[in-house]
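Only a predicted model underlies this, so the values are computations on that prediction, with no experimental measurement involved.
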Amino acid sequence: MKLNCYSKFAFLALISLTILTSCHSRKAMMKGEPGEIVQPQASIADKYSEMMGVDKNDIQNGRLYAFIDQWMGTPYRFGGLDKDGIDCSGLAFLLEQQVYNIAIPRMTSKQILVIKREYEQDLKEGDLVFFDFDGKKFSHVGVYLQNGYIVHASSSKGVIIVPLHGAIYKYFSRCGSVSELLSQVSADDVQ
């Protein structure tokens, strides 16, 4: 009888442990290696396709959207580079490194130097978009996603996705793709 009671207790403990460990954060896991394009989780494709008004089949870079999902809502902190707070250039720095395996400088003023300037209509996922806030040239950076949306670290709302042609657009300055040649030349500027 005692063995049967012990077995029931062990079974209930095992079930409880399984339930508790499955209730942790539902943030996406980054699969693959930096620079590799992997399929997104279905829930991630659904979430970001709805947010940006695109078909879920257009969400193809699972690593990119898993990265964004992990950082979404992280508060802004000047000079920050962790989940306690991150600034705009830190977000771009980590995204380019962890998603695309591209080393760019840590500071916005240096990041502008490693892009190949492009027209807005030619932007692709991962391109950098710069803004002039408070009369300062290239003082803010975001990363282009698709369908006119960018991800950036807002000083008031933290890491968010916004339309490029929304309220932020009046500060738009320049955009372009990271030039691997320029980023290699500027490797000594990284961090």
Yes or no on side-chain contact (heavy atoms from CB on, under 4.5 Å) for Q97 and I102, after CA distance, side-chain angles and deciding distance? CA-CA 5 Å; Q97 180 183 70; I102 297 174; over 6 Å; no
Between L113 and M107, is the side-chain contact (heavy atoms from CB on, under 4.5 Å) condition met? List the steps. CA-CA 10 Å; L113 302 175; M107 295 171 38; over 6 Å; no
Please report the C-alpha distance between N101 and E36 in whole Å, then the side-chain angles of each, then the deciding distance to 0.1 Å, and finally whether the side-chain contact (heavy atoms from CB on, under 4.5 Å) criterion is met. CA-CA 9 Å; N101 198 29; E36 185 180 352; over 6 Å; no
Under the side-chain contact (heavy atoms from CB on, under 4.5 Å) criterion, do Y48 and V151 qualify, and how do the steps go? CA-CA 11 Å; Y48 291 99; V151 62; over 6 Å; no
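Shown here for A45 and P40, the closest heavy-atom pair between the two residues is CB-CG, 4.1 Å. T74 and K83 get closest at one heavy-atom pair: CG2-O, 3.4 Å. C175 and Y119 get closest at one heavy-atom pair: SG-C, 4.2 Å. The shortest non-hydrogen separation linking N147 to M52 is ND2-O, 2.6 Å. The shortest heavy-atom contact between A92 and L128 is CB-CD2, 4.2 Å. Considering all non-hydrogen atoms of both residues, F138 and R174 come closest at CZ-CZ, 3.7 Å.
With hydrogens and angles ignored, the 3.5 Å screen pairs no side-chain donor or acceptor of N61 with any backbone N or O of I37. Judged purely by atom type and a 3.5 angstrom limit, Q98 has no side-chain atom pairing as donor or acceptor with the backbone of F67. For S49 (side chain) and D55 (main-chain N/O), no donor-acceptor pair under 3.5 Å exists by modelled atom type. Between the side chain of Q111 and the backbone N or O of P105 there is at least one donor-acceptor pair closer than 3.5 Å.
Connection of I68 to Y144 is not established within any shared hydrophobic cluster, with ILVMFWY side chains joined at heavy-atom distances below 4.5 Å, either directly or through further cluster members. Clustering ILVMFWY residues whenever any of their side-chain heavy atoms sit less than 4.5 angstrom apart, transitively, puts V129 in a cluster other than the one holding L145. Hydrophobic clustering (side-chain heavy atoms under 4.5 Å, transitive across Ile, Leu, Val, Met, Phe, Trp, Tyr) groups Y100 together with L81. Cluster annotation: V162 and M72 are assigned to distinct hydrophobic clusters (Ile/Leu/Val/Met/Phe/Trp/Tyr, side-chain heavy-atom contacts under 4.5 Å, transitive). When hydrophobic clusters are built by joining Ile, Leu, Val, Met, Phe, Trp and Tyr residues whose side-chain heavy atoms come closer than 4.5 Å, directly or via intermediates, I112 is grouped together with V114.
Taken to the nearest 0.5 Å, the CZ atom of F131 stands 5.5 Å off from the CG atom of L164. Note that CD1 of I168 and NE2 of H152 are 4.0 Å apart. Values are rounded to the nearest 0.5 Å. Here the CD atom belonging to E125 is positioned 3.5 Å from the OH atom belonging to Y65, to the nearest 0.5 angstrom. Within the model, atoms CD1 of I115 and OG of S179 stand 10.0 Å from one another, a figure rounded to the nearest 0.5 Å. With values rounded to the nearest 0.5 angstrom, I44 atom CD1 is found 13.5 Å from Q39 atom CD. Expressed to the nearest 0.5 Å, how far CD of Q70 lies from CE of M29 amounts to 8.0 Å.
By the 6.0 Å contact criterion, NZ on K137 is enclosed, its count of non-hydrogen atoms from other residues, nucleotides or ligands being greater than 12. Other residues, nucleotides and ligands contribute at most 12 non-hydrogen atoms within 6.0 Å of the NZ atom of K170. Within 6.0 Å of CZ on F78 lie no more than 12 heavy atoms contributed by other residues, nucleotides or ligands.
For the pair R77 and D82, the salt-bridge criterion is met [side-chain N within less than 4.0 Å of a carboxylate O]. At a threshold of 4.0 Å, the pair R117-D122 does not count as salt-bridged, since none of the basic side-chain nitrogens sits closer than that to a carboxylate oxygen.
Partner of H140 under the ring-ring contact (aromatic ring centres under 6.0 Å, His included) criterion, out of F133, F130, Y171, F172: F133 alone.
By the 4.5 Å heavy-atom criterion applied to side chains, K47 and I59 are not counted as neighbours.
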